[in-house]
Amino acid sequence: MRTVLVVLFDGVQSLDVTGPLEVFQGGELHAPGSYRLRTASLDGAAVRTSSGLTVVPDQALTASATPHTLLVPGGRGTRDPAPDLVAWLREHGPRAERLVSVCTGAILLAEAGLLDGRRATTHWAYCDKLARDHPSVEVDPDPIYVRDGHVATSAGVTAGIDLALALVEEDLGREVALGIARHLVVFLRRPGNQAQFSAQLAAQTARREPLREVQQWITEHPGGDLSVETLAARARLSPRHFARAFQAETGMTPGRYVDRVRLEHARRLLEDTSDGVEEISRACGYGTPEAMRRAFVKALGTAPAEYRRRFRPASAPTH
């Protein structure tokens, strides 16, 4: 049996706690005897979450045995962490077989020196702070979670569910993880190197109407001619002026935006349909399966066929 110990503190984000706990509890329901779930605050007293919810822990950290998985959630309470909590993590964190953080819980791990020399991520809004305050940590702001040895860190809030599902898959197998995802109505298990934002969220919305219209056109026509020249004509601008204005107003080049939109559309088709890779590559503007394969390997570290095998729900429609 693997003990999962979740650290509680005032100002903790409640979803960072309950999301992963629901996943691990699902693992226990599918395979009884797999997990023993415990929560603990420093002194065993109740804590108040950032949303105002009061949570009563099972025990005090000072009385807790070393767990298999030590999970540190995030929340406003990580902004000015209690020195005693950081000291406890510094002493006991290295003893756990698996060390996990959700959202800004990575800041607590970094304060305790547990991320030194490791690659890690956190909520997008705090990646710069983590990198600035802890230069010995290799901060990657893009993925929804990062695995580095026995240490795993995740992005904000719901990314903790994705990471927990990945850990359950590692422990109990793919079918159990998929069963839990379906039960929680999580559409699919996102791979860790999926970006924290979709293209539409990662890019700012352009201020000028012609550029906003072009953004929408790209999203609706991923298989079309999305060259700078064509997009500039739609915006009634010269290609040079368009490229400069698009990057200034959205924060990314037109090419980068198109790449993200096409990748997301291809992923959705692989997840939701039984269309062949060649058909999907044409529908998404890649032209050939090899071009789509290169894009997937570069962005996600896996080929389209493998992506479909791993992440398409068993209940996905066929046609």
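Here, residue 1 is the first one in the sequence, and each next residue gets the next number.
Here the shortest heavy-atom pairing between R48 and D10 reads N-OD1, 2.9 Å. The shortest non-hydrogen separation linking R118 to D148 is NH1-O, 2.9 Å. Taking both residues in full, the closest heavy atoms of S41 and V47 are given as CB-CG1, 3.9 Å, listed atom of the first, atom of the second, then distance. The shortest heavy-atom contact between G27 and S34 is O-OG, 4.1 Å. Shortest non-hydrogen contact noted between C284 and L269 is SG-CD1, 3.9 Å. Between R293 and A303, the shortest heavy-atom contact is CG-CB, 4.0 Å.
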### Message
side chain to side chain contact (heavy atoms under 4.5 Å, CB included) for L89 and L70? Distances and angles first, verdict last.
### Response
CA-CA 9 Å; L89 290 171; L70 179 61; 4.1 Å; yes

### Query
Hey, mind stepping through Y126 and V139 against side chain to side chain contact (heavy atoms under 4.5 Å, CB included) and telling me if it holds?
CA-CA 10 Å; Y126 293 90; V139 180; over 6 Å; no

### Query
Would L226 and W217 count as a side chain to side chain contact (heavy atoms under 4.5 Å, CB included) if you check the C-alpha gap in whole Å, the side-chain angles of each, and the deciding distance to 0.1 Å?
CA-CA 9 Å; L226 301 180; W217 172 264; 4.1 Å; yes

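Rounding to the nearest 0.5 Å gives a distance of 6.0 Å between CZ of F9 and OG1 of T78. How far CG of D84 is from CG of L42: 5.5 Å, rounded to the nearest 0.5 Å. Summarising the geometry, atom CG belonging to L71 is positioned 15.5 Å from atom CZ belonging to R38; distances are rounded to the nearest 0.5 Å. Between the CZ atom in R90 and the CG atom in L109 there is a gap of 11.5 Å [rounded to 0.5 Å]. How far CG of L114 is from NE2 of H150: 7.5 Å, rounded to the nearest 0.5 Å. Atom-to-atom distance recorded for L130:CG and H123:NE2 is 13.5 Å, nearest 0.5 angstrom.
Using modelled atom types, no side-chain atom of H265 and backbone atom of V261 make a donor-acceptor pair closer than 3.5 Å. With hydrogens and angles ignored, the 3.5 Å screen pairs no side-chain donor or acceptor of H92 with any backbone N or O of W88. The main-chain N or O of F296 is never found under 3.5 Å from a side-chain atom of R267 such that the two would form a donor-acceptor pair. Panel note: side chain Q13, backbone R76; no donor-acceptor pair is recorded below 3.5 Å. At distances below 3.5 Å, not a single donor-acceptor pair connects side-chain atoms of D116 with backbone N or O atoms of S136. With hydrogens and angles ignored, the 3.5 Å screen pairs a side-chain donor or acceptor of T122 with a backbone N or O of C103. Remark: side-chain polar atoms of T39 are not paired, donor with acceptor, to backbone N or O of V7 under 3.5 angstrom. E249 contributes a side-chain N or O that, together with a main-chain N or O of R208, makes up a donor-acceptor pair within less than 3.5 Å. Between the side chain of S238 and the backbone N or O of H241, at least one donor-acceptor pair lies under 3.5 Å. Not one N or O on the side chain of T121 forms a donor-acceptor pair closer than 3.5 Å with the backbone of T153.
Electrostatic pairing of R132 and D128 does not count as a salt bridge here, judged by no charged N lying under 4.0 Å from a carboxylate O. D58 has no carboxylate O lying under 4.0 Å from a charged side-chain N of R36, or vice versa, which leaves the two without a salt bridge. Salt bridge annotation for R260-E264: absent, with no cationic side-chain nitrogen under 4.0 angstrom from a carboxylate oxygen.
The shortest distance between side-chain heavy atoms of L5 and L61 falls below 4.5 Å. Two residues are said to be in side-chain contact when any heavy atoms from C-beta on lie closer than 4.5 Å; S154 and I144 fail this criterion. P20 has its side chain out of reach of L163: every pair of non-hydrogen atoms, C-beta onward, lies at least 4.5 Å apart. At a threshold of 4.5 Å between non-hydrogen side-chain atoms, the residues R147 and L167 count as touching. Taking the side chain as every heavy atom from C-beta outward, D259 and L263 never approach each other to under 4.5 Å. A 4.5 Å side-chain heavy-atom check between E169 and L165 finds every atom pair outside the cut-off. Inter-residue side-chain proximity for L231 and F246 is flagged as unmet; no heavy-atom pair is nearer than 4.5 Å. Two residues are said to be in side-chain contact when any heavy atoms from C-beta on lie closer than 4.5 Å; T250 and L211 fail this criterion.
Under the side-chain hydrogen bond (donor to acceptor under 3.5 Å, both in side chains) criterion, Q216 pairs with E220, not counting sequence neighbours.
When hydrophobic clusters are built by joining Ile, Leu, Val, Met, Phe, Trp and Tyr residues whose side-chain heavy atoms come closer than 4.5 Å, directly or via intermediates, L184 is grouped together with V176. The cluster map of Ile, Leu, Val, Met, Phe, Trp and Tyr, joined by side-chain heavy atoms under 4.5 Å apart, puts L37 and L53 in the same cluster. The cluster map of Ile, Leu, Val, Met, Phe, Trp and Tyr, joined by side-chain heavy atoms under 4.5 Å apart, puts F242 and V258 in the same cluster.
Each of V102, V100, D162 was compared with Y145 under the side chain to side chain contact (heavy atoms under 4.5 Å, CB included) criterion, and only D162 meets it. Put simply, the residue from R2, E97, R98 that forms a side-chain hydrogen bond (donor to acceptor under 3.5 Å, both in side chains) with T69 is R98.
Side-chain contact of R262 with Y286: a donor-acceptor pair under 3.5 Å is absent, judged by distance alone.
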